[in-house]
Amino acid sequence: MKKITASVLSTFILAMGILSGCGKTDQSVGSESNEDKSKVVTIEAQTAAPEITRVENLEKAAEKLNEELKQQGKDIRVKVKTNLFEGSWEEYAKQFMLAFKAKKEPDIYATGHENIGWLADGNYILPLDELKKSKEYSDVFSTLWDSVTYKGHIWGALQDTEARPVFYNKDVLRKLGWSEEQINNLPEKVKNGEFTLDDMTKLAEEAEAKGLVQFGIIHRPVDGSDFHVMVYNFGGKLYDPEENKIVLDKKAVEKQLNYYYEIAQKKLIPGNLTQMEWSSIHKAVVNGKALFYYGGIWNVFNWSQDNFHEKLGKVDEKWINEHFGMMLIPAAEKGGKPITLSHPFVYTVSSQTEHLELVKRLLELVANPALQAEHDVKTFHLPVTKSAAEHPDFKANETLGNVTYMLEYTTFLPNHEGFPKYSKAVFDAIQAVELGKKTPKEALKDLEVQLKNDLGDQLKIVE
């Protein structure tokens with residue numbers, strides 16, 4: 001998901017049709033009407049396309065909530081009114097901001113965790129600290145709480161998460177003489193720190209030199225989370241929670257820039273990679289033109305929905321597992337710990353909601369393992385609780401079951417409002433070194449100047 005700042009949002013004006021929540025960029029998903037004579041309380045929930053199950057799950061949770069209310073003798077029923085927003089992530093955030101000002105925002109706003117910073121600082125959402133203490137969230141994978149924590153409070157109900165592995169092409173490894181056992185054991189070698197980032201680069205060079213692939217490595221073409229995992233991989237950090245500042249860790253960032261410079265200089269990536277369209281990336285990977293791809297587990301869903309393969313069109317999960325494996329991002333040093341990065345999606349609650357207690361109960365019920373498993377299997381995401389990971393429907397999915405362990409190695413981006421500016425500046429630096437316009441040292445020097453200008457006292461520089 002693309003990160004958004006409140007300062008950028010405030011400069012944008014959308015049509016009032018978007019404000020209403022029923023304009024042409026929103027699709028009303030609907031909910032069942034109440035059949036008895038109890039008072040109906042409507043709770044509005046919104047998410048972004050295409051994962052509609054994020055709000056459909058809330059409708060199902062409302063059914064359970066209504067059963068409980070009836071058993072408790074309460075003369076009230078909950079109806080969930082849902083909207084699916086179709087547009088860019090930036091427009092999605094801007095629409096919420098303007099809708100909030102018009103007091104037409106949803107009670108529950110599903111978004112990426114990294115937006116918590118500006119939502120909390122702008123008083124758009126309420127803290128939800130009590131969720132962490134609830135029975136329903138008692139077995140959350142502990143590291144995930146970091147993704148919804150900001151200034152000492154919990155600001156979102158965890159909805160799903162994912163991992164960003166490296167896909168490797170099994171067919172290419174077979175042509176390199178690897179046995180099936182070696183191919184299938186590669187994720188374990190990465191996990192144990194035996195196969196490093198340098199090993200990955202060397203193997204990519206070998207595959208390309210032998211004419212087995214057009215590109216040894218492919219990464220995302222636009223600004224995004226994936227690039228920053230390398231700072232963590234090289235021992236750096238991005239955020240100081242005590243000072244609430246973005247960190248420019250110069251030593252780690254220089255290593256990050258050196259890595260992208262190296263794979264570009266060795267021509268392991270497309271020369272215009274940061275100028276390519278996403279569809280071209282997916283086509284190159286699915287059609288076997290690359291050995292390694294820095295992707296996300298949801299790409300399995302993407303490749304089954306669009307005609308990326310030149311002959312087969314859409315490819316199903318079985319085909320993907322036959323031709324591709326997924327591994328953690330290899331450690332930078334031999335014996336080191338490999339890494340990945342996750343982008344949890346969360347439910348936030350409007351500070352203007354008139355039904356806070358009912359909304360909280362709804363958020364507890366939507367954490368039901370069966371509801372999580374249904375969403376995760378349909379969209380190729382990972383659950384946020386251990387009980388959902390043990391649900392039969394989830395465990396029956398071989399692909400997801402094989403990557404759940406990656407949550408033990410995951411990291412997150414900061415929830416700080418200023419991080420999008422940092423991310424954009426770093427992407428520009430990476431683009432410059434990959435295109436050969438700057439050396440890593442030159443790019444780092446210019447990056448420091450840019451960040452001082454963009455972030456001011458929100459920035460902490462570590463030499």
Side-chain angles (χ1 to χ4, degrees), residues 45 47 51-69 71-72 78 80 108 110-113 116 128-149 154-165 191 296-298 300-301 317 326 328 340-349 357-412:
T47 192
E51 290 90 357
I52 191 174
T53 44
R54 288 186 170 124
V55 284
E56 289 180 336
N57 281 357
L58 287 167
E59 290 182 297
K60 294 176 180 178
E63 294 175 6
K64 177 63 176 175
L65 177 56
N66 285 331
E67 290 177 9
E68 293 182 357
L69 291 169
Q71 290 171 0
Q72 294 166 0
V78 171
V80 175
I108 299 173
T111 186
H113 79 93
I116 281 174
L128 300 169
D129 297 302
E130 57 271 35
L131 286 184
K132 189 174 182 179
K133 304 172 185 177
S134 68
K135 179 182 70 175
E136 290 78 6
Y137 290 89
S138 61
D139 65 337
V140 162
F141 289 97
S142 58
T143 56
L144 295 181
W145 285 120
D146 292 343
S147 70
V148 289
T149 301
I154 302 294
W155 294 91
L158 291 154
Q159 192 273 320
D160 72 17
T161 188
E162 32 88 330
R164 293 165 191 251
K191 186 177 174 182
I297 61 172
W298 65 90
V300 177
F301 173 75
E317 181 185 356
M326 285 184 273
L328 290 161
T340 185
L341 186 140
S342 294
H343 176 256
F345 223 75
V346 302
Y347 296 119
T348 61
V349 177
E357 293 309 312
L358 290 172
V359 168
K360 287 179 181 177
R361 290 183 66 177
L362 201 59
L363 294 180
E364 289 174 351
L365 292 169
V366 81
N368 176 276
L371 293 181
Q372 286 192 64
E374 179 184 18
H375 164 77
D376 296 331
V377 170
K378 283 183 177 179
T379 65
F380 281 88
H381 283 80
L382 297 177
V384 298
T385 63
K386 296 174 183 177
S387 53
E390 292 298 318
H391 192 276
D393 292 347
F394 182 83
K395 293 186 74 174
N397 186 286
E398 179 183 356
T399 304
L400 294 173
N402 286 341
V403 297
T404 303
Y405 78 94
M406 291 185 178
L407 292 180
E408 300 173 16
Y409 297 82
T410 201
T411 56
F412 311 98

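Given the structure is predicted, the values throughout are model-derived calculations rather than measurements. Below, each value reflects all heavy atoms present in this structure, side chains not excepted, and no hydrogens, waters or symmetry copies.
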From CA spacing to verdict: side chain to side chain contact (heavy atoms under 4.5 Å, CB included), Glu374, Glu56: CA-CA 11 Å; Glu374 179 184 18; Glu56 289 180 336; over 6 Å; no
Checking side chain to side chain contact (heavy atoms under 4.5 Å, CB included) for the pair Ile297/Thr399: CA distance, chi angles, key distance, verdict? CA-CA 9 Å; Ile297 61 172; Thr399 304; over 6 Å; no
Check against side chain to side chain contact (heavy atoms under 4.5 Å, CB included), Ile154 and Thr149: CA-CA 5 Å; Ile154 302 294; Thr149 301; 3.3 Å; yes
Can you check side chain to side chain contact (heavy atoms under 4.5 Å, CB included) on Glu68 and Leu365, steps first, answer last? CA-CA 11 Å; Glu68 293 182 357; Leu365 292 169; 3.6 Å; yes
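Atom CD of residue Gln71 and atom CG of residue Asn66 lie 11.0 Å apart, to the nearest 0.5 angstrom. With rounding to the nearest 0.5 Å, the separation of CD in Gln159 from OH in Tyr347 is 4.0 Å. The CG atom of Asp376 lies 7.0 Å from the CG atom of Leu400; values are rounded to the nearest 0.5 Å. Atom-to-atom distance recorded for Leu371:CG and His391:NE2 is 8.5 Å, nearest 0.5 angstrom. The CE atom of Met406 sits 10.0 Å away from the NZ atom of Lys191 when rounded to the nearest 0.5 Å. With values rounded to the nearest 0.5 angstrom, Leu382 atom CG is found 10.5 Å from Trp298 atom CH2.
Taking every heavy atom of both residues into account, Trp155 and Ile116 meet most closely at CB-CG2, 3.6 Å. Among all heavy-atom pairs drawn from Leu407 and Pro383, the shortest one is CD1-O, 4.0 Å. Closest approach of Thr404 to Ala389, counting heavy atoms only: CG2-CB, 4.5 Å. The heavy-atom pair separating Thr161 from Val384 by the smallest distance is N-CG1, 4.2 Å. Across every non-hydrogen atom of Ala388 and Phe394, the tightest pair is O-CB, 3.6 Å. Val377 and Asp393 make their closest contact through CG2-O, 3.6 Å (heavy atoms, listed as atom of the first residue, atom of the second, distance).
Within the structure, every pair that satisfies the ring-ring contact (aromatic ring centres under 6.0 Å, His included) test and touches residues 363-386, not counting sequence neighbours, is listed here: His375-His381.
Remark: the Glu364 side chain and the Ser134 side chain contain no N/O donor-acceptor pair separated by less than 3.5 Å.
The backbone N or O of Val300 sits nowhere less than 3.5 Å from a side-chain atom of Glu317 that would complete a donor-acceptor pair. Thr410 places a side-chain N or O within donor-acceptor distance of the main-chain N or O of Ser342, the cut-off being under 3.5 Å. The backbone N or O of Thr340 lies less than 3.5 Å from a partner atom in the side chain of Thr411, making a donor-acceptor pair.
Scanning for side-chain hydrogen bond (donor to acceptor under 3.5 Å, both in side chains) contacts around Ser387 gives Asp139, Thr385, with sequence neighbours left out. Every residue two or more places apart in sequence or in another chain that forms a side-chain hydrogen bond (donor to acceptor under 3.5 Å, both in side chains) with Lys395 is listed here: Glu390.
Looking only at side-chain heavy atoms (C-beta outward), Tyr405 and Leu328 come within less than 4.5 Å of each other. Contact check for Tyr137 versus Lys132: no side-chain heavy atoms found under the 4.5 Å cut-off. Residues Asn368 and Lys60 are not in side-chain contact: their nearest non-hydrogen atoms beyond the backbone lie 4.5 Å or more apart.
The pair Lys360-Glu357 meets the salt-bridge criterion, since a charged nitrogen lies less than 4.0 angstrom from a carboxylate oxygen.
Of the listed residues (Val366, Thr47, Thr379), just one forms a side-chain contact (heavy atoms from CB on, under 4.5 Å) with Arg54, and that residue is Thr47.
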